[in-house]
S.K.: 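There's a structure below that I have some questions on.
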Amino acid sequence: MVRCTLKRAIKALSFCLIFVIICTYYSSQSVPNKNFLQRKSLSIFILSSTRSKTIQRISLFFNELRLNYVEYRRIDEHFYENVKTLLPRLIILDYHPDENLRSVINQYEIKLLILLNAQCTDCTKVSYSEMLFENVSYPTMDFNRDVLKPVIHTTKSPFRLVQHNKIIQILRFDTVLPYFHHQQFERKTKCFVFRTTDNHRTDTIVYVHSRTSSEKLKLLFEYHEKQLYLSECLFDYWFIWPVMMDIVRYLTSNEYDYHGLKRYVQVDIDDIFLGDKSNGYLISDDIQALIRSQLFIQNYIENFRYRLGFSGYYYSNSTNEHANEANRLLMTGKTVLDEKDRFTWFHHTWKHEKLTNVTNKILLISSTETNMAFAQKHQLPLDENYAVAPHHSGIYPINHIVYDVWHRFFNFTVTSTENYPYHYQLPSDRRGFIYRNISVLPRRSCGLYTTTRNYTTYPNGSHRLERILMGGRLFRTILTNPISIFMSHNVNYGHDRMGNYVFAKLVYLISKWTNIQWSRDLSSSELARKYFHHFYPEEQMPIFTNPCSDRILMNLWNGNDSLCTTFPQFIIVGPQKTGTTALHAMLSQHPDLRPSRAISTTFEEVQFFSNNTIYLNGINWYLNQFDPDEQSMNFEKSATYFDSAVSIKRLKALLPNIRLIMMLTEPGHRAYSRYQVRCQQ
Ligand SMILES: Nc1ncnc2c1ncn2[C@@H]1O[C@H](COP(=O)(O)OS(=O)(=O)O)[C@@H](OP(=O)(O)O)[C@H]1O
């Protein structure tokens, strides 16, 4: 009897337990719990039906920040489906969300950034002339005087940032943020701002005062914890970008924090011995000015040193008498031999030759040795691990001989280039990679080229240079990149010494207006370690792009035009065991089609894109697997590409227009075929 009751009790208990488990399971399906809300990726959704100029600028800025975002033009099933599966951290939209969207946003705990534009409600239009302006001063740099010092200019700024708010971190509160572009400012007459007086529910972050009513007009404010409202007015001002970074950081709960506030900067001055009188070689006074600007920058960046790139041949052997005079002044003048220790030096090549065309290892070794002997003779303080190829040639597209010689014979472990993945692209899209133990860091342009000589004759006006400095492209480069290596040329430091001005001012303004902290000067190997191991480990492996689609890459490639037609026109990508060998054999019979060479070690296949070791042989190796006959259409078959995610990326980078053939068979047949092969093995 007792046993029977016990059995019943156990049965009842088990039923209860099963019931509880089932209930828990179903409830977890209907209401998202904390685990369920674990974001798969940190994506941002941008929702805009008009794709206004503001939205376009935000997208471009997100590219600079390397943020993942998806743009949507309308709310439909597809949008909701993606919200549920991708669980974006943040949605940016330029109108007020309806009830449906609000409920989904609440359910999935998504944060909102709402832009105020023509569609906004609960806001008011104000004319710029109604705003309260006041004169404020901002610093600029007097670079032609003996001492580089800031001079004060006066401008008008309508803005207030509210101090002690929890969102703004990058901008400094104790400095007035000036406005620069008066013309653009006056052209626009209307601005949408919030006039809400409901201060209990909102937190103002940026505002202006109305001139007529002295009203506080909100440009950025927080409405509850999950929503920020931002007036598009702010997009007319340079400081919207640091503000945007802070907004995204705040709304994503610090997940996007852009590697914190620390920034590393290096300024390379190439070809220090090149130039003649017309080119503006550096005379002794210029060197002193360079030292002064370096000292000025050292106030902010501990131990900052310009990096001087040298080709020794032009110091001692130049037939140009002006160049010799410049070199004498640089190297042998009263102070300059001492001054060489003020800078850090790095190797170019002995005669500034292009490395693209190097085909002979011995010659490259001997010319590099000559340049290094020059450095030794003059006791130049070298960054021994850093070398930069003149014209950036040979580094990308890769010339294997250069990497081999640099790595095996000279211990150069770091270089930099402007050309990877392409030359013609936004500077912010430049990336790095590691090849044969040499770290190739991205080099950024700074608006100074060999052709830009004087401030007053800056192409299309010096205000353009001011713009890129004062909150524009250069400013943003520092803002959005933890490491920036800039390329400049010796001529930029002669003439009116625009180079000194640019870098001194850049560092000064960033220090003055933002809370960005500068790292002390680092050696190139420390910099490379940080770049590839700390900030961007995913960039270590190169992804080869097609030199035929970029004129500069084409010039720097040790291939030639005719090779462009050698790339395959279609590829059979598998998958395995679907009859790909048979198809390959049949297509090979066609008189106009040419298959790749058969490689015995990889089952007659090329497997370039799927096998890391083979891929690192480079594009010239890949092209060698094909016949350069222009009359025929080249193709290859590698059944390993089909299920290799990295192959897709590599194929897209090198052959964006390639046609792919995939074979599909009944999966059971494939499995059995594979099983048989295994048995045989
Ligand atoms: N025309 C045609 N139609 C369908 N199936 C065919 C065809 N030709 C070959 N085969 C069969 O495909 C199998 C080999 O596939 P693959 O060449 O793709 O294999 S591999 O991955 O390249 O090793 C292999 O299957 P198994 O014989 O079962 O192993 C071939 O017999």
Side-chain angles (χ1 to χ4, degrees), residues 397-398 400 421 433-436 538 540-549 559 562-681:
I398 286 168
H400 298 260
F433 63 89
I434 301 178
Y435 192 76
R436 304 242 168 119
E538 72 283 0
Q540 292 184 16
M541 188 78 175
I543 292 199
F544 302 121
T545 45
N546 196 319
C548 303
S549 53
S562 66
L563 282 178
C564 293
T565 52
T566 305
F567 282 111
Q569 314 255 330
F570 67 90
I571 299 179
I572 305 165
V573 294
Q576 289 173 334
K577 301 292 155 208
T578 54
T580 52
T581 313
L583 179 68
H584 179 266
M586 282 183 255
L587 290 174
S588 305
Q589 309 291 314
H590 195 287
D592 294 339
L593 303 180
R594 268 171 199 268
S596 57
R597 296 184 214 298
I599 303 174
S600 55
T601 48
T602 45
F603 308 100
E604 323 291 308
E605 296 182 339
V606 186
Q607 300 191 354
F608 177 71
F609 297 100
S610 54
N611 180 315
N612 283 350
T613 316
I614 299 176
Y615 187 68
L616 287 175
N617 288 331
I619 52 175
N620 286 36
W621 180 91
Y622 183 59
L623 283 169
N624 274 336
Q625 308 316 310
F626 299 93
D627 202 321
D629 177 6
E630 279 183 33
Q631 304 308 316
S632 57
M633 194 189 268
N634 284 332
F635 75 101
E636 64 135 322
K637 168 243 163 185
S638 297
T640 50
Y641 295 163
F642 182 85
D643 56 354
S644 139
V646 73
S647 292
I648 309 297
K649 269 195 206 161
R650 291 169 178 172
L651 264 163
K652 193 173 172 216
L654 187 66
L655 304 168
N657 299 320
I658 191 80
R659 287 179 168 80
L660 302 177
I661 297 181
M662 285 163 224
M663 305 276 284
L664 299 176
T665 56
E666 195 270 311
H669 169 83
R670 270 193 68 210
Y672 184 65
S673 172
R674 182 97 193 108
Y675 168 73
Q676 280 182 316
V677 173
R678 278 282 166 90
C679 289
Q680 282 163 17
Q681 283 168 353

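Along the sequence shown, residues carry numbers from 1. When a ligand or atom number is given, it counts from 1 through the structure's own listing order.
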S.K.: Would you say that more than 12 heavy atoms from the other residues, nucleotides or ligands in this model lie under 6.0 Å from the CE of M541, or not?
M.R.: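 More than 12 within 6.0 Å, yes.
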S.K.: So which pairs with a foot in residues 644-667 pass side chain to side chain donor-acceptor pair (under 3.5 Å), sequence neighbours left out?
M.R.: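 Output for this query lists N612-R650, S644-S647.
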S.K.: May I ask you to decide if T640's main-chain N or O and Q607's side chain share a donor-acceptor pair within less than 3.5 Å?
M.R.: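 Side chain of Q607 to backbone of T640: no pair is present.
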S.K.: When you measure from the side chain of Y641 to the backbone of F608, do you find a donor-acceptor pair of N or O atoms at a distance under 3.5 Å?
M.R.: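 Checking the backbone N and O of F608 against the side chain of Y641, a donor-acceptor pair under 3.5 Å is found.
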S.K.: List the atom pairs, with distances to 0.1 Å, where a side-chain N or O of residues 565-577 and a protein N or O form a donor-acceptor pair under 3.5 Å, not counting sequence neighbours.
M.R.:
unit_1, atom_1, unit_2, atom_2, d
T565, OG1, S562, O, 2.8
T566, OG1, L563, O, 3.4

S.K.: What does the 4.0 Å heavy-atom contact list look like for ligand 1?
M.R.: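 Contacts of ligand 1 under 4.0 Å: Q576, K577, T578, G579, T580, T581, A582, K637, H669, S673, Q676.
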S.K.: Pairs under 3.5 angstrom only: tabulate donor-acceptor contacts from the side chains of residues 588-596 to other protein residues two or more places apart or in another chain.
M.R.:
unit_1, atom_1, unit_2, atom_2, d
S588, OG, H584, O, 2.6
Q589, NE2, A585, O, 3.2
H590, ND1, D592, N, 3.0
R594, NE, S632, OG, 2.9
R594, NH1, D627, OD2, 2.7
R594, NH2, D629, OD2, 3.2

